[in-house]
Participant: 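First the structure, which I've put down as structure tokens, then a few questions once you've had a look.
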2 protein chains.
Amino acid sequence: MENTEDVRPKRRGPAPLDAFDRRILAALAADADRSYAALGETVGLSPPAVHERVKRLKRSGVIRDTVARLDGTAVGKPLTAFVHVEAAGWGKSERLMQIARFPEVEELHSVAGDASVILKVRMENPQALEFLLGQIHSLPGVRGTRSYIALSTYLDRPVQAEVTTDWPNVPLPPE
Amino acid sequence: MENTEDVRPKRRGPAPLDAFDRRILAALAADADRSYAALGETVGLSPPAVHERVKRLKRSGVIRDTVARLDGTAVGKPLTAFVHVEAAGWGKSERLMQIARFPEVEELHSVAGDASVILKVRMENPQALEFLLGQIHSLPGVRGTRSYIALSTYLDRPVQAEVTTDWPNVPLPPE
DNA sequence: TTTTCTGCCGAATAGTATTCGGCAAGAATG
DNA sequence: CATTCTTGCCGAATACTATTCGGCAGAAAA
């Protein structure tokens, strides 16, 4: 006989995140400094069990990475702004990607809407923003930009593990 | 005698971040999982020295927190969007702040420009976005909204420690 | 029902984080 | 300038965690 290779793998694709995973993710997205013992305490698992799950979540890419979030003002960049770039032809010219090399640029998305690209930038001062806009305008195919300068930031947090499921009902989730 | 309390404290305010601090911050903003030994290796300090600096940077608030960054799609929210809210009177009505309770809302800024408030949201699907917009429109003083749906995200990173200082010169920083 | 697989736990081990004492360089003091 | 004081570093010692391991139990497959 041959064909002994018929055994299909049991399950393909990432296991769909059970309640423990969700709690672990929620906790880590809020504070990744806690020990596995403390984590296990809050989610209801032993330290090794939490460890194994976190390891799996990292390998599978659910946890992209763990980072320190810095205070923009403290590092010398108190000015946050969103820059909408209207590009001709089709947004994502390779050149436009180049401005991602500036450490001031934190996000870069191509979007649907009356802007082709949206940037989130954090600058030292208005003049620096002016220079950056100059850089952007010098790129080929850039028709114009529109900047929105943040006056106050009321919320700035990473991707949350929770998902609102009962949209039509709740007017506002409880505190 | 009295007035022996004349001795002014040597230095007020946060020390201004030397080169070591910068390197530590840059490293931690990229990957907070490394050991102090590994960090010390790359920045040129002993593990205890790095530890002490990190502790100080956290206490002083330069390092706001350390978080795990999750994959939006993996947690069930593949749709990223920026929502501009045009509010009457003055943007920051207390009520508007309430929508920050939805775990889908990641950022909330008041801005200068032809929008009063900008939200960054991550939704399960377009319908969920529709519901959220409904919530926003139901708030008093909201004149309208404009949504920009992210098609591709080319860059999404935390505040970088580096600051570009020679703006007028460089056309683009080297790789 | 039996077998297999998965994921948990407690205990053991390995590896860090953290503390401590001493030292050296720069700043303040006289 | 000499002296004192302060700051921040290092190496070694300690305490605490992460990580590994063996065994077990429940669910899924056979």
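We name chains A, B, ... by the order of the sequence lines, and we start the count at 1 in each one.
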Participant: What integer distance in Å separates A:D18:CG from C:dT6:P?
Facilitator: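 Computing the A:D18:CG to C:dT6:P distance gives 15 Å.
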Participant: Can you tell whether the side chains of A:K58 and B:D33 come within less than 4.0 Å, N to carboxylate O?
Facilitator: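 Here A:K58 pairs with B:D33 in a salt bridge, since their nearest N and O are under 4.0 Å apart.
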Participant: Would you jot down, in residue-number order, the residues of residues 46-59 of chain A having a non-hydrogen atom under 4.0 Å from DNA chain D?
Facilitator: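 Those residues whose heavy atoms fall under 4.0 Å from DNA chain D, taken from residues 46-59 of chain A in numerical order, are A:P48, A:H51, A:K55.
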Participant: Check salt bridge (charged side-chain N to carboxylate O under 4.0 Å, His left out) between A:R34 and all other residues, then give those that pass, not counting sequence neighbours.
Facilitator: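 A:R34 satisfies salt bridge (charged side-chain N to carboxylate O under 4.0 Å, His left out) with no other residue.
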Participant: Going by heavy atoms in the side chains, are B:L28 and B:L39 under 4.5 Å from each other?
Facilitator: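 Contact flag for B:L28/B:L39 side chains = yes.
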Participant: Can you classify the ring geometry of B:F82 versus A:H109 as parallel (below 30°), tilted (30 to 60°) or perpendicular (above 60°)?
Facilitator: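 The arrangement is perpendicular - the two ring planes meet at more than 60°.
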Participant: Take the C1' atoms of the five end pairs on each side of the helix from C:dT1-D:dA30 to C:dG30-D:dC1, derive the two axes, and give their angle rounded to 10 degrees.
Facilitator: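 For the helix from C:dT1-D:dA30 to C:dG30-D:dC1, the axes at either end differ by 40°.
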Participant: Give the ring-plane orientation class for A:H84 versus B:H84, where under 30° counts as parallel, over 60° as perpendicular and anything between as tilted.
Facilitator: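 Rings of A:H84 and B:H84: tilted, 30 to 60°.
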Participant: For DNA chain C, determine which residues of residues 28-43 of chain A have any heavy atom closer than 4.0 angstrom to one of its atoms, and list them numerically.
Facilitator: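 Residues of residues 28-43 of chain A under 4.0 Å from DNA chain C: none.
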Participant: Any side-chain donor-acceptor pair under 3.5 Å between A:Q98 and A:R101?
Facilitator: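 Yes, side-chain donor-acceptor contact under 3.5 Å.
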Participant: Per the side chain to side chain donor-acceptor pair (under 3.5 Å) rule, what does the pair list look like for residues 68-80 of chain B, sequence neighbours excluded?
Facilitator: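 Pairs touching residues 68-80 of chain B that pass the test: A:D65-B:R69, B:T80-B:R122.
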Participant: Treat each ILVMFWY residue as a node, draw an edge where side-chain heavy atoms are under 4.5 Å apart, and state whether A:V83 and A:V117 are in one component.
Facilitator: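 Hydrophobic grouping puts A:V83 with A:V117.
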Participant: Does any part of the side chain of A:W167, heavy atoms only, come nearer than 4.5 Å to the side chain of B:E104, both counted from C-beta?
Facilitator: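 Result yes, sub-4.5 Å side-chain heavy-atom pair found.
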Participant: Apart from B:V67 itself, which Ile, Leu, Val, Met, Phe, Trp or Tyr residues share its cluster (side-chain heavy atoms under 4.5 Å, direct or through members)?
Facilitator: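 Cluster partners of B:V67: A:V67.
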